[in-house]
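To start, the structure itself, in structure tokens.
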Amino acid sequence: MLDVDYVLVNEKPVLRIFGKDAKGGTVCGFYEGFSPYFYALGPNVEERLSGNPQVAKIEKVSRCLPMGYQEPREIYKVTLRNPARTVEVREGLVAAGIKTFEADIPFKYRWMSDSGIGGMKWVKASESNALDTISVIADSKVQLKSVSAIEREEDAPLKYMSLDIETVSDDEGKMPEAGKDPVVMISLVFEPAYRGKKHMILSTRRGEGVEPSEKEKDMLQSFVDIVKEYDPDVITGFNISNFDIPYILERMRKNSVRPQFGRCSSKYVRADKFANNYRIGITGRIVADSYQMVKRGWNLKRYGLDHVAKSLLGEEKADVKKSEIGKLWKGSNEDFGRLARYCLQDSILAMNLLLKRDLLDKYIALSKISGSLLQDILEGGETQRIEHYLLREFNSEGYVIPTKTDKKVVVEENGAGLKGGFVLEPKKGLHSMVVVLDFKSMYPSLITTYNICPTTLLTDGYADDAVETPGGARFVPKSVRHGIMPRILERMMDERGKVKKQMRAAKGKTRKAMDMKQLALKVMSNAFYGYFGYQRAKIHSLEIAGAITGLGRQTIQQTVKMIEEGYGHEVVYGDTDSVMIKITDSDLEGAEKIGRDMAEKITKKLPGIIELEFEKIYKRFLPLTKKRYMAWSVERGSDGQWKEEMVMKGIETVRRDWCELTSETMRQIIEIILKQDDVKDAVSYFRDVVKSLLDGKIEMEKLLITKTITKKPESYLGIQPHVELMKKMKQRRVMEMPGIGDRIGYVIVRGPQMLSKRAEDPVYAMDKGLCVDSRYYIDNQLLPPLERIFSALGVNKDELLGMGKQMGLAEAINNHREKDAPVPVVDARDVSGFICRTCHKSCRRPPLIGVCECGGSFLFSSSSGPAERMRLS
DNA sequence: TATTCGCGGGG
DNA sequence: GTGTACGCGAATA
């Protein structure tokens with residue numbers, strides 16, 4: 001089942017399933033006779049609705065409200081005729097103070113939920129004679145008498161099409177505008193092939209290997225015809241959701257071409273803008289944007305196609321500058337050919353990302369687990385899929401779900417907030433042989449163990465066997481009512497265990513699918529806790545979310561106590577669901593044995609299904625602060641062998657605004673500290689780097705800092721190094737100027753001006769024999785990150801630089817400046833702040849009395865150097 | 001130190 | 001379509 005929608009036929013809704021059969025053929029099934037409905041609770045419901053032509057039926061039914069432990073009660077089930085009129089009926093009731101339930105469920109989901117069918121799953125359909133009142137593209141069209149789910153693991157084969165467009169505008173500095181700039185080329189990639197072709201290039205210019213069109217309008221029409229004929233299930237591309245497709249649609253509008261390339265010609269393809277994103281709707285097909293999936297699934301520095309293709313596929317992208325496109329388009333046949341190859345390459349890369357990295361697998365698994373349609377999984381968040389899932393589960397137990405109230409974002413809740421996990425204050429220093437134990441699926445296990453559920457929460461009344469949580473919330477025990485949440489989670493965790501076990505024996509595609517399934521089960525079960533804490537959730541309850549985190553904190557604190565008091569080991573750190581324990585006088589195997597033994601014994605003492613597991617060993621562990629540490633970690637792989645890894649948490653060794661020297665020095669020093677356990681050696685390594693820097697022995701390349709030009713230089717309000725360099729380059733009439741969106745690299749050279757004005761093009765600096773400002777690199781690039789690391793080892797800045805005894809380096813740094821930089825003359829406009837001579841407090845503006853709070857006088861500070869060396873011009 | 005602002009991807 | 005509604009780093013208060 002790929003997609004579901006409905007159409008009105010003779011003012012009655014007809015539901016449609018767009019799907020595939022096992023052979024890969026397309027099917028469209030029509031279902032009539034299902035009506036929209038919702039629930040209402042309050043005074044005079046019947047009177048208010050009587051005579052309303054939209055209301056088909058009002059009946060009293062017995063249902064349970066989900067929030068708070070309570071018995072079922074009579075509420076009204078209101079059945080309507082037309083799904084589209086639900087809102088007006090609902091709002092009429094809401095205005096009269098009547099509570100509604102499930103009055104905001106999209107009609108297709110109402111039906112899917114009630115029928116027990118879901119996205120990407122198989123449907124058993126009893127068919128009768130086909131009827132196609134609406135022109136639908138499908139190999140077979142059937143009228144459905146009934147539908148039901150069938151369990152069948154394997155997926156139907158899908159057809160994929162990738163696309164990329166090129167446009168040309170007169171103003172090359174800006175992004176093209178769909179209102180005026182035409183599409184000149186469209187590349188398409190097919191999998192499997194279309195009419196024997198793996199790909200096609202459409203263009204409004206003739207050229208080798210290109211399908212030419214006279215006008216843009218003809219090309220757009222060909223595009224529509226090809227999509228309809230090829231009939232793909234999945235449409236991909238790189239950022240097509242927010243660029244190519246909305247752009248094509250706008251051009252079609254301008255050219256009076258009907259955007260009919262969905263599987264129903266009476267429903268046009270649409271792009272609805274919300275916030276700064278478009279949502280694309282192509283009936284019966286799935287838009288799966290490679291860019292969006294990569295962005296969600298990988299943590300990369302940048303997400304440009306060139307960068308993504310290189311890091312995920314190992315494929316280089318032939319570079320065509322965005323500003324070159326116009327020239328190539330108007331240029332020689334060779335230029336045009338280059339543009340065509342470039343265009344095609346982009347759709348090929350997007351397709352390769354999707355197929356070679358199996359981008360859809362995870363989303364298909366989530367779709368099957370949650371019951372949501374694949375398209376909704378791709379663009380929606382966790383909340384949406386949990387809500388669809390809960391609707392089924394709660395309904396089948398006789399509960400109703402509230403309609404989402406659009407309450408104005410409650411501020412006090414934000415302020416009070418929700419207490420999270422417990423984080424131990426890390427024990428200072430470099431620790432060796434630290435065993436890491438953690439709680440397996442902590443929050444889901446707590447929900448299950450303590451029977452936490454909206455349906456078991458005691459809101460009032462008394463129950464002497466209620467389970468009280470640290471936050472004060474009380475839940476009835478399972479013997480009174482087994483909560484829906486605990487049951488869902490038990491089932492999911494159980495299922496995940498089974499899949500993981502089966503997986504070991506499987507291989508190839510099946511194994512991959514199983515892996516995705518267990519991952520989806522993990523993702524889903526971990527998301528329930530966050531759901532209750534989310535303000536906009538239909539069942540939002542800080543009481544429930546707080547009960548879960550409260551029990552988490554209680555559990556980890558009890559565990560720490562057991563380890564320290566019961567076993568005499570020192571717990572050096574812990575966060576939410578993990579504890580790090582220092583094991584002394586043991587080798588790796590010994591420490592592992594102690595860890596496993598403790599985990600097992602403590603698990604036995606913990607209630608319910610809460611389980612503490614041995615995870616790994618940190619051969620060396622250096623905490624900096626809470627949430628920030630580094631470690632040399634070893635873990636048993638699936639083959640039972642130890643696998644080592646350097647772990648960094650909350651510590652970046654690579655950052656865009658750091659030069660290569662910084663990243664490299666950090667990596668080296670971390671390695672020396674963790675692997676060689678030699679702080680002295682790390683300090684001397686650092687000093688060597690500083691010394692080489694002072695001696696001018698570091699290549700400029702390693703000192704290159706890069707920043708992105710985000711707007712026109714004149715629109716920057718502040719003074720920034722990379723922008724100042726742009727201005728200088730413009731004056732020098734540099735040929736290849738970086739444009740908006742390009743990254744520009746610079747080094748900071750010595751001189752009397754403020755820092756931002758001393759940014760230089762490394763090539764220019766080299767030519768003119770300019771020296772880099774070593775002092776800047778030491779103070780602003782090397783010291784800030786490294787000082788933090790060394791201070792965790794008890795080495796302060798003075799010691800690090802060899803102040804005191806050796807008198808070497810710090811002196812050298814100061815002398816260095818003495819020689820090279822004359823006392824800077826500061827322009828008043830460059831003064832960036834003031835520093836107190838006595839207490840060293842700094843501020844942007846001094847108090848009006850002109851002296852610091854402590855009574856000390858102020859020094860000026862500017863970006864060109866330290867305060868005591870300033871003179872104001 | 002908190003809060004607001006602006007951009008990402010794409011031509 | 002019984003609609004929806006980001007997230008993170010830099011700039012600024």
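Since the structure is predicted, the reported quantities are computational estimates derived from the model, not experimental observations. The analysis underlying the following values was restricted to heavy atoms, covering all of them including side chains, and did not include hydrogens, waters or symmetry mates. Proteins come first, then strands; the chains are lettered A, B, ... in the order of their sequence lines, and each starts at number 1.
- Heavy atoms of A:Tyr37 sit under 4.0 angstrom from at least one base atom.
- Rounded to an integer number of Å, the gap from CD1 of A:Ile401 to P of C:dT2 is 18 Å.
- Checking B:dG10, C:dT2, C:dT4 against every side-chain atom of A:Phe243, the shortest atom distance belongs to B:dG10.
- Contacts of A:Tyr6 with the nucleic acid, taken as non-hydrogen atoms under 4.0 Å apart, involve only primed sugar atoms and P, OP1 or OP2.
- Whole-Å rounding puts the A:Asn242 CG to B:dG10 P distance at 12 Å.
- Nearest nucleotide to the A:Arg279 side chain, out of B:dG10, C:dT4, C:dT2: C:dT4.
- Listed nucleotides: C:dT2, B:dG10, C:dT4. Nearest to the side chain of A:Met175: B:dG10.
- In this structure, A:Gln292 reaches neither bases nor backbone, as no heavy-atom distance under 4.0 Å exists between it and the strands shown.
- The residue among A:Thr167 and A:Lys295 whose nearest nucleotide of DNA chain B lies closer to the 5′ end is A:Lys295.
- Using a 4.0 Å heavy-atom criterion, one finds that A:Asp346 contacts the sugar-phosphate atoms exclusively.
- Taking atom CD of A:Gln384 as the reference point, atom P of C:dC6 lies 12 Å away to the nearest angstrom.
- For the pair A:Leu353 CG and B:dG9 P, the interatomic distance rounds to 14 Å; values are reported in whole Å.
- Within 4.0 Å of A:Arg85, counting heavy atoms only, lies no atom of the nucleic acid at all.
- Side chain of A:Lys404, nearest nucleotide from C:dA5, B:dG9, C:dT2: C:dA5.
- For A:Lys108, whose side chain is taken as the heavy atoms from C-beta onward, the closest listed nucleotide among C:dT2, C:dG1, B:dG10 is C:dG1.
- Using a 4.0 Å heavy-atom distance criterion, A:Ile165 is classed as a sugar-phosphate-only contact.
- Taking atom P on both nucleotides, C:dG7 is separated from B:dG9 by 16 Å, rounded to a whole Å.
- Between the P atom of B:dG9 and the CG atom of A:Leu163 lies a distance of 20 Å, rounded to the nearest Å.
- Look at CG on A:Asp319: it is 15 Å from C1' on B:dG10, rounded to the nearest Å.
- Of all nucleotides listed (C:dG1, B:dG10, C:dC6), C:dC6 comes nearest to the side chain of A:Arg536.
- Atom CH2 of residue A:Trp298 and atom CZ of residue A:Arg357 lie 5.0 Å apart, to the nearest 0.5 angstrom.
- Look at OH on A:Tyr278: it is 16 Å from C1' on C:dA5, rounded to the nearest Å.
- Within 4.0 Å (heavy atoms only), A:Asp5 reaches no atom of the nucleic acid at all.
- Contacts of A:Leu305 with the nucleic acid, taken as non-hydrogen atoms under 4.0 Å apart, involve only primed sugar atoms and P, OP1 or OP2.
- Considering only the side chain of A:Phe274, C:dT4 comes nearest among B:dG10, C:dT2, C:dT4.
- Counting any heavy atom pair closer than 4.0 Å across all strands shown, A:Tyr303 reaches sugar-phosphate atoms only and no base atom.
- The CG atom of A:Leu353 sits 8.0 Å away from the CD atom of A:Glu315 when rounded to the nearest 0.5 Å.
- Take A:Tyr291 and apply the ring pair (Phe, Tyr, Trp, His ring centres under 6.0 Å) test, not counting sequence neighbours, and it matches A:Phe238.
- Note on A:Ile105: a base of the nucleic acid sits closer than 4.0 angstrom, heavy atoms only.
- A side chain to side chain donor-acceptor pair (under 3.5 Å) with A:Glu379 is found for exactly one of A:Arg279, A:Gln384, A:Gln292, namely A:Arg279.
- One finds no salt bridge joining A:Asp335 and A:Lys330 here, because no Lys/Arg side-chain nitrogen approaches an Asp/Glu carboxylate oxygen to under 4.0 Å.
- Atoms CD (A:Glu387) and P (C:dT4) sit 10 Å apart, rounded to a whole Å.
- Nucleic acid contact class of A:Arg270 (heavy atoms, under 4.0 Å, all strands): base.
- C:dA5 and C:dG1 are spaced 15 Å apart, taking the C1' atom of each and rounding to whole Å.
- A:Lys327 meets the salt bridge (Lys or Arg N to Asp or Glu O under 4.0 Å) test with no other residue; sequence neighbours excluded.
- Between A:Phe243 and A:Tyr247, the angle of the ring planes lies from 30° to 60°, which puts this pair in the tilted group.
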